[in-house]
Amino acid sequence: MPLIHLKTKRLEYKFEITQKYNLIIGDSGKGKTTLIKTLKDLLDEPSAGTLDGYKQIKTSIDLRLEDLTNLTDYVFLIDEFSEILKLKDISSVMENSQNYFVIISRDETLGFKSISLDCVYEMHASGKFHELRQAYKIPEKMFAVDGIICEDSKSGYQFIKDRFGNLVSVDYAKSHLEDKTGGKSKFAEYLNSFKSDSHLCLVFDRSAIGYDYHKILNSIHQNKLNVCMIDWDSFEYYILQSPVFNKRVPEPMDMYESKEKLATFMLSELINYKKTSLTKCLKKDFCKKCIDSSCEYRHIESKDLLLYWKLDCLLNKNSSKVLSMNVF
């Protein structure tokens, strides 16, 4: 992964890029814009300091649209006010670009791409030295809840509903009652419909919630909700790591949109998986007689092998409530 370390007489920055999309947030005066200007000066005049680690870098000061398509394996540092981000088709261009992106923003209103919560950073300074630290830490405490709310109506929600629907209320974030799809951008709005002091468990894909997490936190605070969270990287990632498949999902390189897309591709290679509808072998009444005789997972002996790690702590066999456990 790209490691960037630049140093001048006045300033020093050191950080690593772990995925394709990265976001640096925070108030003014933290050194975010200065990073772009300092890097641009250093690229133009190498004698002004040192640039160690990754050398294929361009900033939004001199970035052109064709750079996103013609260059590969570059790190692009882009300020939120860049004209590049205002282009109509920029989302698809970035998706097809085999490069890394670091968006520098004062807030998180640039929600046109899915971004991992692990890739949302704040700038921290100690003297002239600046580094990036993850902006958010998911609370670890788990407790008994009145309902589970999933990100959308796709396979992850169907998996939760299939296993816990008879124990507790299970729903997905929606903008209105007739909303059949839901989505992470609707999470914050949906939380406004709950009474204060409600006890809820939120389930979302960590690999894509980065732009929306701050709005979710604001809704929780404003509505005085009691919330615990299950933040699997993605549902597909969670299933791949289960004892059934025991597959490791590597960090996605610049050609992958996110860890979620990489995990979805890997799971689809193993079983007949689709995001929109939960495949039979992942349901509680799993497929004992798979029509695909070549499927090595067609004789899964125990459905509980898929209930491991975070979800295992939610299953209470002795009551109609969810277990109160401090597991994460």
Chi angles and distances behind the side-chain contact (heavy atoms from CB on, under 4.5 Å) call for E122, I25: CA-CA 5 Å; E122 288 182 317; I25 63 170; 3.9 Å; yes
D67/N99 under side-chain contact (heavy atoms from CB on, under 4.5 Å): CA gap, chis, key distance, verdict: CA-CA 10 Å; D67 291 333; N99 294 285; over 6 Å; no
Derivation and outcome, side-chain contact (heavy atoms from CB on, under 4.5 Å), residues D197 and N226: CA-CA 6 Å; D197 216 30; N226 300 294; 2.9 Å; yes
Pair V120-H214, side-chain contact (heavy atoms from CB on, under 4.5 Å): steps then yes or no: CA-CA 11 Å; V120 181; H214 76 297; over 6 Å; no
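Hydrophobic clustering places L87 together with L85 (ILVMFWY residues linked when any side-chain heavy atoms are closer than 4.5 Å, directly or through intermediates). Under a hydrophobic clustering in which Ile, Leu, Val, Met, Phe, Trp and Tyr are joined whenever their side-chain heavy atoms come within less than 4.5 Å, directly or via other members, I149 and I138 fall into the same cluster. L65 and Y74 fall within a single hydrophobic cluster, where Ile, Leu, Val, Met, Phe, Trp and Tyr side chains are chained together by heavy-atom contacts under 4.5 Å. Taken together through direct or relayed side-chain contacts under 4.5 Å among Ile, Leu, Val, Met, Phe, Trp and Tyr, L217 and F187 form part of one hydrophobic cluster.
Two residues are said to be in side-chain contact when any heavy atoms from C-beta on lie closer than 4.5 Å; I220 and M229 meet this criterion. By the 4.5 Å heavy-atom criterion applied to side chains, N96 and T69 are not counted as neighbours. The shortest side-chain heavy-atom distance between M266 and V249 falls under the 4.5 Å cut-off. Side-chain contact check for I4 versus L51: some heavy-atom pair is nearer than 4.5 Å. In this structure the side chain of S60 reaches within 4.5 angstrom of the side chain of I36, judged on heavy atoms. By the 4.5 Å heavy-atom criterion applied to side chains, Y54 and D73 are counted as neighbours. No side-chain heavy atom of L39 sits under 4.5 Å from any side-chain heavy atom of I61. Contact check for I209 versus I216: side-chain heavy atoms found under the 4.5 Å cut-off.
Ion pair K86/E83 flagged as a salt bridge, since at least one NZ, NE, NH1 or NH2 atom sits closer than 4.0 Å to an Asp/Glu carboxylate oxygen. Here D41 does not pair with K37 in a salt bridge; the nearest charged N to carboxylate O distance is not below 4.0 Å. Between K247 and E269, no side-chain nitrogen of the basic residue sits less than 4.0 Å from a carboxylate oxygen of the acidic one, so the salt-bridge criterion is not met. Salt-bridge formation is not detected for the pair K184/D205: no Lys NZ or Arg NE/NH1/NH2 atom is positioned less than 4.0 Å from an Asp or Glu carboxylate oxygen.
Ring geometry for F76 against F101 counts as tilted: the plane angle lies between 30° and 60°, on a 0 to 90° scale. Ring orientation note: the planes of Y157 and Y172 are nearly perpendicular, at an angle over 60° on the 30°/60° scale.
Shortest non-hydrogen contact noted between C119 and I115 is O-CD1, 4.0 Å. Heavy atoms only, all atoms of each residue included: S97 and K20 are closest at O-NZ, 2.7 Å. The shortest non-hydrogen separation linking S155 to E236 is OG-OE2, 4.1 Å. Between C228 and V145, the shortest heavy-atom contact is SG-CG1, 3.8 Å. Between M123 and L132, the closest heavy-atom pair is SD-CD2, 3.7 Å. The shortest non-hydrogen separation linking S196 to L225 is CA-CD2, 4.4 Å.
Within 6.0 Å of atom NE2 in H221, 12 or fewer heavy atoms from other residues, nucleotides or ligands are found, so the atom counts as exposed in its surroundings. Enclosure of atom NZ in K186 by more than 12 non-hydrogen atoms of other residues, nucleotides or ligands within 6.0 angstrom is indicated.
The salt bridge (charged side-chain N to carboxylate O under 4.0 Å, His left out) check on E260 picks up K275, with sequence neighbours excluded.
Here the side chain of S126 pairs no donor or acceptor atom with the backbone of F129 at under 3.5 angstrom. Side-chain atoms of Q158 come within 3.5 Å of backbone atoms of T276 as a donor-acceptor pair (strictly under, hydrogens ignored).
Atom CD1 of residue I239 and atom OG1 of residue T279 lie 11.0 Å apart, to the nearest 0.5 angstrom. Between K174 atom NZ and Y190 atom OH the span is 5.0 Å, to the nearest 0.5 Å. Summarising the geometry, atom CG belonging to D79 is positioned 10.0 Å from atom OG1 belonging to T59; distances are rounded to the nearest 0.5 Å. The CG atom of D62 lies 7.0 Å from the CG atom of D44; values are rounded to the nearest 0.5 Å. Between the CG atom in D118 and the CD atom in Q134 there is a gap of 5.0 Å [rounded to 0.5 Å]. If you take CD1 on I84 and CG on L63, they are separated by 4.5 Å, rounding to the nearest 0.5 Å.
For residues 3-14, the set of pairs meeting the side-chain hydrogen bond (donor to acceptor under 3.5 Å, both in side chains) definition, not counting sequence neighbours, comprises H5-E12.
No side-chain donor-acceptor contact under 3.5 Å links D89 and S91.
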